Amino acid sequence: MSDQKISSLLAGGVPVGDQVTVKGWVRTRRDSKAGLSFIQVHDGTCFDTIQVVAVNDLPNYADEIQKLSAGCSVICTGELVESQGKGQSVEIQAAAIEVVGWVEDPESYPVQAKRHSFEYLREVAHLRPRTNTFGAVARVRNCLAQATHRFFHENSFYWIHTPIITTSDAEGAGEAFRISTLDMVNPPRTESGGIDFSEDFFGRETFLTVSGQLNVECFSNSLSRVYTFGPTFRAENSNTSRHLSEFWMIEPEIAFADLNDDADLAENYLRYIFKAALDEHPDDMAFFAQHIEKDAVSRLEKFVESSFERMDYTDAIKALEKAPKKFEFPVEWGMDMQSEHERYLCEELCERPVVVMNYPKDIKAFYMRLNDDGKTVAAMDVLAPGIGEIIGGSQREERLEVLDARIAEMGLEKEEYWWYRDLRKYGTVPHAGFGLGFDRAVNYVTGIKNIRDVIPFPRAPKLAEF
RNA sequence: UCCUCGGUAGCUCAAUGGUAGAGCAUUCGGCUGUUAGCCGAAGGGUUGUAGGUUCAAGUCCUACCCGAGGAGCCA
């Protein structure tokens with residue numbers, strides 16, 4: 001006799017007739033006047049619950065078992081038997097049920113055995129993992145993270161732990177959160193009246209990272225294939241279903257590579273992790289398809305077998321100009337695409353993720369490689385239906401003089417990037433990489449619309465409870 | 001931050017300016033090797049907050065708070 005995972009009991013990993021012990025939480029209880037109760041117990045190891053049958057000759061039947069309600073924690077011991085009822089193949093004929101933790105005041109238990117709105121569940125984020133939806137999201141999210149490391153490991157990438165605390169927010173990625181140990185009421189002042197950050201903990205201004213890219217480029221320029229995977233922070237006051245103040249980003253960087261290599265990598269990577277979700281979590285995925293988004297499984301299957309649509313920015317603009325549709329914002333070459341344009345391309349024109357490549361240089365970051373036309377840079381965005389931009393990447397500018405010209409053009413300080421520029425002085429190579437919003441990938445896979453519902457404890461403007 | 005919509009029982013939602021209601025959940029009773037079970041009954045409310053208009057406000061007005069969708073920004 002040993003502790004059993006519900007997943008292995010239901011999957012036939014334990015022979016019928018064995019004594020088993022299951023530890024978990026009650027989802028529902030149904031009593032029968034025949035003198036027995038059916039208790040659905042989940043332990044998070046799989047989507048399904050196991051049915052525990054408790055007969056009224058158990059010593060605690062009347063005072064405990066018949067009082068079990070949703071959320072109670074129990075240890076159930078008994079024989080694994082074939083089920084007499086429909087709906088499950090095996091069940092546990094309980095020899096003993098120990099109640100480990102009761103639910104005080106079952107009426108107000110926040111997670112009842114019924115449908116709750118996502119908005120409500122966000123207010124009880126500490127208990128929402130007990131719902132079947134958030135259990136499924138947590139398992140699939142973990143699967144995608146594990147598959148990410150596996151993919152890069154199998155392809156000879158090294159995981160680089162880039163710093164969380166950084167000194168520069170000038171990458172253009174957005175507002176950064178300041179880190180400081182200065183006395184906020186009475187900070188040290190400079191002669192001109194500003195705050196004197198030379199007195200601060202690090203002797204200068206520091207921030208939470210907005211991207212590990214510049215750091216990880218240093219490692220790609222010596223270890224060839226590297227990636228980061230960690231939390232990233234943006235202090236933007238953006239209140240949407242696609243943004244978080246703290247989110248997880250994956251940033252691979254490959255040396256001796258161009259934009260096409262970068263796009264190939266993005267495709268292979270996404271195909272790999274999507275296949276992992278389909279292969280390893282068919283029950284969770286089936287639930288998403290049934291209750292969250294009906295195409296959840298079919299579109300991933302299609303995706304895994306086919307390739308991305310790839311489109312030049314210039315061709316994308318032509319397609320938008322020809323679109324049988326009026327856009328709020330006019331389409332013209334040189335513009336930064338609006339959400340409505342991106343949506344049209346991936347949701348209506350192609351009906352699948354689209355890679356848009358070679359954007360006008362004026363709307364992209366300084367480190368992106370200038371193309372021979374002198375007008376565009378080797379940048380790409382991967383646009384996913386319902387999510388928008390899921391990946392942003394580029395070939396990096398490896399030519400020092402071109403990089404310096406771009407830094408100047410954008411009004412940035414060359415000295416701030418002295419170590420980044422050094423990479424171009426000492427054995428520079430063409431290299432490329434991208435950033436993938438991991439949480440957005442989880443949105444895409446599960447079909448769940450709001451990014452706040454695919455991360456355990458969302459951080460967003462005015463939202464840092466739990 | 002802007003635009004639009006919303007906030008009523010534990011949850012999901014009704015209620016023409018005129019007696020605050022239903023379903024689910026909970027409790028109790030009945031039925032049933034049951035499948036978020038079925039039937040019946042009961043308890044459960046400072047209508048987001050603060051003001052205002054009115055004989056009378058859940059409903060109309062003002063401000064604020066919170067939520068959703070869209071936009072901007074991006075991943």
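All figures in this text were calculated on a predicted structure; none of them were measured in a lab. All chains are named by letter (A, B, ...) in the order of the sequence lines, taking the proteins before the strands, and each is independently numbered beginning at 1.
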Exercise. Using the C1' atom in both, what is the distance from rA25(B) to rC2(B), to the nearest Å?
Worked result: 40 Å
For this session: Could you work out which one of rU27(B), rC11(B), rU34(B) sits closest to the side chain of Gln88(A)?
Result: rU34(B)
For this session: Could you check whether Arg27(A) gets within reach of a base, just the sugar-phosphate, or nothing at all, counting any heavy atom under 4.0 Å?
Result: nothing
For this session: Would you mind reading off the distance between Glu123(A) atom CD and rG48(B) atom P, rounded to a whole angstrom?
Result: 14 Å
Exercise. Per the atom types in the model, does the base of rU35(B) pair as donor or acceptor with the side chain of Glu91(A) at under 3.5 Å?
Worked result: no
Problem set entry | Short side-chain N/O contact from Asn239(A) to OP1 or OP2 of rC73(B), under 4.0 Å | no
For this session: Among the candidates rG72(B), rC24(B), rU32(B), find the nucleotide nearest to the side-chain atoms of Phe329(A).
Result: rG72(B)
Exercise. In whole Å, what separates the P atom of rA63(B) from that of rA20(B)?
Worked result: 29 Å
Seminar exercise, completed: Whole-Å distance, His291(A) NE2 to rA36(B) P, equals 10 Å
Exercise. Do other residues, nucleotides or ligands put more than 12 heavy atoms under 6.0 Å from the NE2 atom of His161(A)?
Worked result: yes
Exercise. Side chains of Thr376(A) and Asn358(A): donor-acceptor distance under 3.5 Å anywhere?
Worked result: no
Exercise. Near Glu413(A) CD, under 6.0 Å, is it more than 12 heavy atoms from other residues, nucleotides or ligands?
Worked result: no
Seminar exercise, completed: The nucleotide from rU27(B), rG33(B), rC73(B) with an atom nearest the side chain of Arg242(A) is rC73(B)
Problem set entry | Within 6.0 Å of CZ in Phe466(A), more than 12 heavy atoms from elsewhere | yes
Exercise. rU1(B), rU12(B), rU34(B): which one has an atom nearest the side-chain heavy atoms of Ser83(A)?
Worked result: rU34(B)
Problem set entry | rC5(B) versus rU46(B) - spacing of their P atoms, nearest Å | 29 Å
For this session: For rG17(B) versus rU54(B), give the span between their C1' atoms, rounded off to a whole number of Å.
Result: 9 Å
Exercise. In whole angstrom, what separates Ile451(A)'s CD1 from rA68(B)'s P?
Worked result: 13 Å
For this session: Sticking with atom P, work out how far rG18(B) lies from rU26(B), rounded to a whole angstrom.
Result: 35 Å
For this session: Would you indicate which nucleotide in rU35(B), rG10(B), rG33(B) comes nearest to any side-chain atom of Gln84(A)?
Result: rG33(B)
Exercise. Has Ser241(A) got a side-chain N or O lying under 4.0 Å from the OP1 or OP2 atom of rG70(B)?
Worked result: yes
Problem set entry | Residue Ser108(A), side-chain atoms from C-beta onward, closest of rC74(B), rA68(B), rG10(B) | rG10(B)
Problem set entry | Flag for Ser394(A)-Tyr359(A): side-chain donor and acceptor within less than 3.5 Å | no
Exercise. Rounded to the Å, how far apart are His116(A) NE2 and rU12(B) C1'?
Worked result: 10 Å
For this session: Write down the distance separating the C1' atoms in rG51(B) and rC73(B), rounded off to the nearest Å.
Result: 37 Å
Problem set entry | Residue-phosphate contact under 4.0 Å: Ser32(A) side-chain N/O, rG33(B) OP1/OP2 | yes
Problem set entry | From rU32(B), rA71(B), rU27(B), nucleotide with atom closest to Gln338(A) side chain | rA71(B)
Problem set entry | N or O in side chain of Ser117(A) less than 4.0 angstrom from rU12(B) OP1/OP2 | yes
For this session: Could you please spell out the steps behind the side chain to side chain contact (heavy atoms under 4.5 Å, CB included) verdict for Arg141(A) and Ile455(A)?
Result: CA-CA 8 Å; Arg141(A) 185 181 169 104; Ile455(A) 189 165; 3.9 Å; yes
Exercise. Does the side chain of Asn142(A) pick up a donor-acceptor pair with the side chain of Arg139(A) at under 3.5 Å?
Worked result: no
Seminar exercise, completed: Per the 3.5 Å Watson-Crick/G-U criterion and a run length of at least three, the stems involving RNA chain B are B:1-7 with B:65-71, B:10-13 with B:21-24, B:26-31 with B:37-42, B:48-52 with B:60-64
Exercise. Quick one: is rU26(B) close enough that its OP1 or OP2 comes under 4.0 Å of any side-chain N or O from Ser69(A)?
Worked result: no
For this session: Tell whether His243(A) reaches the base of rC74(B) with its side chain through a donor-acceptor pair below 3.5 angstrom.
Result: yes
Exercise. Looking at rG43(B), does its base get a donor-acceptor pair with the side chain of Glu107(A) below 3.5 Å?
Worked result: yes
Exercise. Considering only side-chain heavy atoms of Glu389(A), which listed nucleotide, rU1(B), rG72(B), rC74(B), is closest?
Worked result: rC74(B)
For this session: Among the candidates rG33(B), rG72(B), rG37(B), find the nucleotide nearest to the side-chain atoms of Gln51(A).
Result: rG33(B)
For this session: Using only heavy-atom distances, decide whether a donor-acceptor pair under 3.5 angstrom links the side-chain of Glu119(A) to the base of rG67(B).
Result: no
Problem set entry | Main-chain N/O of Ala235(A) paired with Glu175(A) side-chain donor or acceptor, under 3.5 Å | no
Exercise. Between the side-chain atoms of Lys114(A) and the base atoms of rC11(B), is any donor-acceptor pair under 3.5 Å?
Worked result: yes
For this session: Establish, with yes or no, whether the OP1 or OP2 oxygen of rA68(B) is under 4.0 angstrom from a side-chain nitrogen or oxygen of Arg452(A).
Result: yes
Seminar exercise, completed: So salt bridge (charged side-chain N to carboxylate O under 4.0 Å, His left out) across residues 99-123 of chain A, not counting sequence neighbours, yields Arg122(A)-Asp453(A)
For this session: Compare the minimum distances between each of rA71(B), rA25(B), rU27(B) and the side chain of Gln112(A), then state the nucleotide with the smallest one.
Result: rA25(B)
Problem set entry | More than 12 heavy atoms of other groups within 6.0 Å of Phe134(A) CZ | yes
